[in-house]
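In the text below, chain A, chain B and the rest are named by the order of the sequence lines, each starting its count at 1. These figures come from a predicted structure and were not determined experimentally.
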Protein chains: 2
Amino acid sequence: MTNPHAPETNRSLPIALLRAREKVMGPIRAMLADVGVTEQQWRVLRVLDERGPLDPTEIADRSCLLLPSLTRILQTLEGKALVSRAAHPTDRRKQVVTITEDGQTLIADNLKESQRLNAWLRDSFGSEKLDALLDLLNELDQLDRPDGR
Amino acid sequence: MTNPHAPETNRSLPIALLRAREKVMGPIRAMLADVGVTEQQWRVLRVLDERGPLDPTEIADRSCLLLPSLTRILQTLEGKALVSRAAHPTDRRKQVVTITEDGQTLIADNLKESQRLNAWLRDSFGSEKLDALLDLLNELDQLDRPDGR
DNA sequence: GTAATATATTTAACATGTTAATGGAAAGAG
DNA sequence: CTCTTTCCATTAACATGTTAAATATATTAC
């Protein structure tokens, strides 16, 4: 059974986005499960690794997480000693989150496999189609919603 | 701030799918919140309304939900008297879930607004681009994953 | 017909999504 | 300077996502 889905739901954009995301994330989740981090924890670690120490609000924006979720994720990551937190030097409302050496090691150990999965996607789906898809998704993201939020 | 996202994350397919989904679902969620049902509960009700009584496994497949989630959702919907459940006539492992009149009324009362939001999307994004996007997403969904699952 | 296997659904446990409310700290208005 | 407002982060409460285990029933193999 290659495609068990009814034709009508194939034309529902929310469902199509859901299925596509599951297709892409499945293998990545499997890889991360072996290391003991979730997809969201991985996103946070990568942001911190790429951009250096950040405050939670900026982490949330860059990793597409809501702050309440991020709060819990940072607590988990701190418990695993993959990140550390310090008070902001001037603004005492903020804090500064930094990836630890253990965190950087975890990223380094799995980046190659992650890139291999990306390469698989680009190869099997086609480079032109992948770029076209990304362009369309980014265009869609820039629409103004009817309720203006 | 129209587009606060760093350029590199715009080329990450999982993130792009996440953002696009949020863009499309935001207004729908707002509409459903007024009625007191979640996005997932709405999907279940629509499937039952369109296809008639079904067993949980088929509902899960058609509404893109995992069975443990669906179990809880059906309990909630049954508590709200929007669906009813009965034993399967021949196979006692299965059950048959049916949408109630209240459930059908809820669908009818909100279908027009839902269609209005779909029309907004098609108008503002463009009919050709929307179809192209759906085609690409469906193609992506038919790839075989490298881990074969 | 019984044992082994497979299927349908539920439960459990933990993580995240989502909205609202809270508490503490900075910024602005007067 | 004080009052109000805004901002940052957390907590709370409830719903769902995800994987594994449990339960009950059906099917298959022998």
Nearest to the side chain of [X] - [options]?
X: A/L66; options: D/dT18, C/dT18, C/dT11; answer: C/dT18
X: B/Q40; options: C/dA25, C/dT18, D/dT16; answer: D/dT16
X: A/K94; options: C/dA26, C/dA15, D/dA9; answer: D/dA9
X: B/R72; options: D/dA9, D/dT18, C/dT16; answer: D/dT18
X: A/R85; options: C/dT10, C/dT11, D/dT10; answer: D/dT10
X: B/P68; options: D/dT11, C/dG17, C/dA12; answer: C/dA12

For [X] and [N], give me the distance from atom [atom1] to atom [atom2], rounded to whole Å.
X: A/D91; N: D/dT6; atom1: CG; atom2: C1'; answer: 12 Å
X: B/E22; N: C/dT19; atom1: CD; atom2: C1'; answer: 13 Å
X: A/Q41; N: D/dG17; atom1: CD; atom2: P; answer: 18 Å
X: A/L74; N: C/dA15; atom1: CG; atom2: C1'; answer: 14 Å
X: B/Q95; N: C/dA8; atom1: CD; atom2: C1'; answer: 9 Å
X: B/L32; N: D/dT16; atom1: CG; atom2: C1'; answer: 15 Å
X: B/L70; N: D/dT18; atom1: CG; atom2: C1'; answer: 15 Å
X: B/I73; N: D/dG17; atom1: CD1; atom2: C1'; answer: 10 Å

The answer to which of B/T57 and A/L65 contacts DNA chain C further toward the 5' end, by nearest nucleotide, is B/T57
Does OP1 or OP2 of [N] have a side-chain N or O of [X] closer than 4.0 Å?
X: A/T71; N: D/dA9; result: no
X: A/R92; N: C/dG24; result: no
X: A/T38; N: C/dT16; result: yes
X: B/S69; N: D/dT18; result: no
X: B/Q75; N: C/dT11; result: yes

*Kindly say whether, by distance alone, the side chain of B/R29 makes a donor-acceptor pair under 3.5 Å with the base of C/dG17?*
no
Side chain B/R93 and base C/dT9 donor-acceptor under 3.5 Å: no
Non-hydrogen side-chain atoms of [X] and [Y] separated by less than 4.5 Å:
X: B/R43; Y: A/I15; value: yes
X: A/D131; Y: A/R122; value: yes
X: B/K80; Y: B/T76; value: yes

Q.
Tell me whether A/R93 is salt-bridged to A/D55, with the criterion being a basic N under 4.0 Å from an acidic carboxylate O.
A. no
Under a 4.0 Å threshold between the charged nitrogen and the carboxylate oxygen, would B/E22 count as salt-bridged to B/R29? yes
Self-check item: Derivation of the side chain to side chain donor-acceptor pair (under 3.5 Å) call for B/K23 and A/Q142
Solution: CA-CA 9 Å; B/K23 174 71 64 169; A/Q142 276 163 343; over 6 Å; no
